[in-house]
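Note on naming: letters A, B, ... go to the chains in the order of the sequence lines (proteins, then strands), and numbering restarts at 1 for each one. Since this is a predicted model, take the numbers as computed values, not measurements.
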Protein chains: 4
Amino acid sequence: MRQLCKGNVAIIKGAILAGCRSFYGYPITPASEIAEAAALYIPQVGGTFLQAESEVAAINMVYGAAASGARVMTASSGPGVSLMQEGISYIAGAELPCVIVDVVRGGPGLGNIAPEQSDYFAMVKGGGHGSYRNLVLAPASVQEMANLTVLGFELADKYRNPAIVLADGFIGQMMEPLDLEYREVVAPEKPWAVKGTAETHKNLVSSIFLEPDDLENHIHKLEAKYRQAQELEPRWELYNTDDAEILVVGYGITSRILRSAVEAARSQGMRVGLFRPITLWPFPSQALVKAAANVQKVLVVELSTGQMVEDVRLSLNGKVPVEFYGRSGGNVPSVEEIHADLLALLSSVVHSELQGQMMSRR
Amino acid sequence: MRQLCKGNVAIIKGAILAGCRSFYGYPITPASEIAEAAALYIPQVGGTFLQAESEVAAINMVYGAAASGARVMTASSGPGVSLMQEGISYIAGAELPCVIVDVVRGGPGLGNIAPEQSDYFAMVKGGGHGSYRNLVLAPASVQEMANLTVLGFELADKYRNPAIVLADGFIGQMMEPLDLEYREVVAPEKPWAVKGTAETHKNLVSSIFLEPDDLENHIHKLEAKYRQAQELEPRWELYNTDDAEILVVGYGITSRILRSAVEAARSQGMRVGLFRPITLWPFPSQALVKAAANVQKVLVVELSTGQMVEDVRLSLNGKVPVEFYGRSGGNVPSVEEIHADLLALLSSVVHSELQGQMMSRR
Amino acid sequence: MRQLCKGNVAIIKGAILAGCRSFYGYPITPASEIAEAAALYIPQVGGTFLQAESEVAAINMVYGAAASGARVMTASSGPGVSLMQEGISYIAGAELPCVIVDVVRGGPGLGNIAPEQSDYFAMVKGGGHGSYRNLVLAPASVQEMANLTVLGFELADKYRNPAIVLADGFIGQMMEPLDLEYREVVAPEKPWAVKGTAETHKNLVSSIFLEPDDLENHIHKLEAKYRQAQELEPRWELYNTDDAEILVVGYGITSRILRSAVEAARSQGMRVGLFRPITLWPFPSQALVKAAANVQKVLVVELSTGQMVEDVRLSLNGKVPVEFYGRSGGNVPSVEEIHADLLALLSSVVHSELQGQMMSRR
Amino acid sequence: MRQLCKGNVAIIKGAILAGCRSFYGYPITPASEIAEAAALYIPQVGGTFLQAESEVAAINMVYGAAASGARVMTASSGPGVSLMQEGISYIAGAELPCVIVDVVRGGPGLGNIAPEQSDYFAMVKGGGHGSYRNLVLAPASVQEMANLTVLGFELADKYRNPAIVLADGFIGQMMEPLDLEYREVVAPEKPWAVKGTAETHKNLVSSIFLEPDDLENHIHKLEAKYRQAQELEPRWELYNTDDAEILVVGYGITSRILRSAVEAARSQGMRVGLFRPITLWPFPSQALVKAAANVQKVLVVELSTGQMVEDVRLSLNGKVPVEFYGRSGGNVPSVEEIHADLLALLSSVVHSELQGQMMSRR
């Protein structure tokens, strides 16, 4: 079924296709249409939408529903997601699956309601306490808002871990064609769930391990899952990378601007390629190393003062110079800005002036 | 005045010396003695101790008191600090000074009350939303619990930004001699504060900037402060690094174990040195590059599955192989474990087997 | 269908028969089995059970669901119901129907978990702010726990006002036969509800009336409803009142003890009758005046220090001397205690010693 | 010291004279100036003002501070005071002294910010759970706002029980001369307080009594205090009652209108007197019985649909017909309205038409 759909609404359409029947949240611009669509559609399929007292309440309802085996989600933006950090750490520690959508707005603090990508650290590095990781997916289109939400539920169940859909206000607000094809939900059995039934009476969902050895074993178990995810789950997209001298790296709305910039550069004979991470965690490090094997420079572009750029640098580990270009506060780089930056980079490559130098520019 | 003092109590003694007269918090093991000491001592000097309804309430009281120009603090452990992430982002966004102590316990989730260092990401990378940074100080002794708390208040005021004292349960619980010398508090004037007086009536403390250009300018202003701090504030300690072939890197309690391991290794003729970051943000990258200029290997040891190791790798950028050794859940590496690891590393250096390889071991 | 059932569970069975498909609550002894039964049974009929963050959260969820036209309920005990007082006032002010169960425990404060009847004032006089009234029903058997819950939903809808089922821990915990006959739910149309649909888009549920005349008119409208309820809805039970010289008055578990005491007294030739209010508000004043028309004394017995006794005195307005006997803290009067009290009363009647005297004894 | 002062501000001036150095609250119209004055003045005398997260938080801070022996207060209006009902019951159950100001606004629900007297039931009957009573004082002038706040602290300490200052928005907003004379605070010793010192280490402040006999004994102890207060503390004012045929009864702002109405009636030869309760609990029942001994009719006037009228009827117990006249929503009766009502009453007295009839009019 092909339809014109807003990105925030596509999240819920994907969630319903994935069998999600429980949404607990608290509205915040620019994520409010997600709650609104959830309130409209989820009851129509027999599910529950509940606007909680606060984001703290919402994430703990997600915790509870996930413990019962339900496919459950919430959605918010920066301030709300920050309030959920304790709950997210608990959910990861208790090995429960859920999907959390963060439609990033301008920060820090109240900031504004315009799009940014400045929650990367908070979501990818894990802003809660303890040694855990979120699975983080970065949609770049309305179609991916739906598809990566479905994937989020699947990965969350597979790894019994929170999955984050890290979107930005542009993708959330934009209208694009959306193809939804019904497919049967294949959610795994969850014999560990606590369902209030006799069979599940023995089950215990908890994140407490009083003895150091027990907690360390638990953390090793989590780490083994995370290593497996690092092997199996990285997803990325390449565009014109085969012969690239310069590789630009960006995700979400930024990747779409970069694609245009690559096209503009190519039309002028510049050999520029685009690497778009789709999973931010696990970060597609090996794919990036491969894509950057023959490039002279890497340019990371983000709507922040530089967060993913750390993972790019960690991946490339000094093999290629990595530069950064960022905009903030709701401003986005124009194709022309990127083009100018690429010209400067190319010229520097020719003249080898910047070789080996780590430069942070804006 | 020299006295035997517990680390958690030294925090409050330092805070009072620094002129802090306001403490808002909620008790949690292993940080509860901080609240207890605050409740005991701060009223004695005419200040206010308040046990808030929750950590969310506490951090917002800190926000309010900081806005009025007071030197104010809170203290908690992982779960509580996670609940404060929204508030911390607001305080950073509003450019307010405060000190937040995190005595790290085992995580994720409830975990246990034993020491870990697994809140590094949450505190150093910034677990709240938006482009901001915390100033993060890592004490390794009871004396430093006091001294770095004083420094925290000074840096917080200097940069109008939250300062974190990132401690671990060992340092918090241990008894050591503490020298406190009274010195006059030299807190800066705070003409921006909102004091309910006629003169400050025009002042506005806020983190909202509705227009993208305004928010971007505000973020540039924050970034300029952060760059200044990166230039001026890195602090670190070197031990036997001059001729080291292997450099071990650790902070807090770990650095004390590593010091013993270095001594043990040196007694057997192994050329091992220790680099201890005192500021975790700004991370002493240049000092580390310099200290590692002639080493063959770097070994990072943390009470986590590996968090600071990312900043070590970002600093060295592939110039030296960086390995990791971690323990979790309240377990700490013994000197013998470290020694065995160092032997393996040295032998690998000799045989060049691991050259250039990024290995993550436990 | 006849079954053995616990009182607290009968509440939920009645609620489901009445078409209630939404339960929001927070567990508290001795009301917890109500939440437990709701969690078990309400999802089985396609409804929603949600354990809220607090009683404040729960009552506001009830407010929201009631605004959407749902038959919705919550249940708690004293401390929890006290926390709901603001919400109850809002629900009454917004003219919304809902059922709130209070299984009274020992108070004030934490008190204990044993049965009392000391929330009469809080529920009958209206413990929230403003000029409003709750409809209050007092079951005296497991069967009535179900039946009066059904009636509660009907009256709540009829008067668009909160209905309270004011039970005590004895009735809540006791097992008795329960006859449930299915009957079609005849809930009224609710054209005023806000359902998120185009038709209800114009509806507004609110309790705010900024202009004094508007608020006074609104209060007159509420008062007219309350007067209608006072005419139509009083319910009570008489037992051996026809020739009684002494009338005992009690509700809930107390009325069952009083019935035994009446039987014991009658077996000794004493002419004692029982008046049991079933609706506490509207209080069956006229029926009581009629039942007391020829008695010499009225004895009110409550598990409190005397609350309903005020409504008895207000009803009789000095026409008959009203005495009080109360027990507290989970203690209940024995048949023997009541018997002794009745003997004293009768003797005083004979000797006219206490004529016209208002006495408060324990 | 004589000054022109607003009623809400006089509350805080009285509180400071009484030695109150702790205010915890949350602003709400029409009580906000109390918090504002507290924020301004209490820190000036070395005390603590704290705006809490919510009224639930505020009342629990009051609980905590009261347990430590401090003279402590809060202030709010209807919705906020409703949220405090659980806390008030706990404070009464734990036998702690505090002062709570309720500047009544229009209700129920949000209502409006205009004055009413419709929280009488919630404050006088005890809107929280369990068998307890509040001491309730009703100021009728700015001077009394200060004086009765002082008295509130004294009675609260004397009876170890919450004292309520039940004011209305008129008295709160009006400016009148205020005479404040400094007198030494004579607060009683509080050997039961928990001060975090060695001497008070054995003290326990609690409202839990698990065993029924223990709780019943505790309730008897509370009841004995309440009986003592009923004997010693009723306060009231008489105006032209000696030869009155009609007695009007009102408190707060209403009593001032009634005084004018009495004067107007007297100027026309009508024998009307005024009874003004100053303590609403203990209600001055015996004084009222005495004042009404020779009257034909009693007219109760309230800014509600009739709440104190119940206590008037309970006091008079049918000896005199009691009528009611109420206004709501911020409207107040004019002297002319009262005059017309009095004329009707007098004419009915003459013609004995209404003899013995309980009439509720508006």
Which one wins on heavy-atom pair count under 4.5 Å against chain D: [options]?
{"options": "C/Gly78, C/Gly109, C/Gly106", "result": "C/Gly109"}
{"options": "C/Gly107, C/Gly111, C/Ser304", "result": "C/Gly111"}
{"options": "C/Leu222, C/Asp311, C/Leu215, C/Ile219", "result": "C/Leu215"}
{"options": "C/Leu110, C/Ile208, C/Asp214", "result": "C/Leu110"}

Around atom NZ of C/Lys290, are there more than 12 heavy atoms of other residues, nucleotides or ligands at under 6.0 Å?
no
Within 6.0 angstrom of D/Tyr26 OH, more than 12 heavy atoms from elsewhere:
no
I need the minimum non-hydrogen distance between [X] and [Y], along with the two atoms involved.
{"X": "C/Ser131", "Y": "D/Pro108", "result": "O-CD, 3.9 Å"}
{"X": "C/Asn112", "Y": "D/Leu210", "result": "ND2-O, 3.4 Å"}
{"X": "C/Lys125", "Y": "D/Phe121", "result": "O-CD1, 3.2 Å"}

Without swapping roles, check the side chain of [X] against the backbone of [Y] for a donor-acceptor pair under 3.5 Å.
{"X": "D/His129", "Y": "C/Ala122", "answer": "no"}
{"X": "D/Asp119", "Y": "C/Gly130", "answer": "yes"}
{"X": "C/Glu216", "Y": "D/Gly329", "answer": "no"}

Does anything in residues 81-94 of chain D reach chain C? List residues with heavy atoms under 4.5 Å apart, or say none.
D/Ser82, D/Leu83, D/Gln85, D/Glu86, D/Ser89, D/Tyr90, D/Gly93
Engaged part of [X] at the chain C interface, taking heavy atoms whose separation is under 4.5 Å:
{"X": "D/Gln117", "value": "neither"}
{"X": "D/Asp213", "value": "both"}
{"X": "D/Val104", "value": "neither"}

State the CZ-OG1 distance between C/Arg227 and D/Thr305, to the nearest 0.5 angstrom.
9.0 Å
Tell me, side chain or backbone of C/Glu310 under 4.5 Å from chain D's heavy atoms, or both, or neither?
both
Less than 3.5 Å apart, any donor N or O on the side chain of D/Asn317 or C/Asn317 sitting next to an acceptor on the other?
no
Just so I understand: if I count every heavy-atom pair under 4.5 Å between each of D/Gly318, D/Gly330, D/Ser328 and chain C, which residue has the most?
D/Ser328
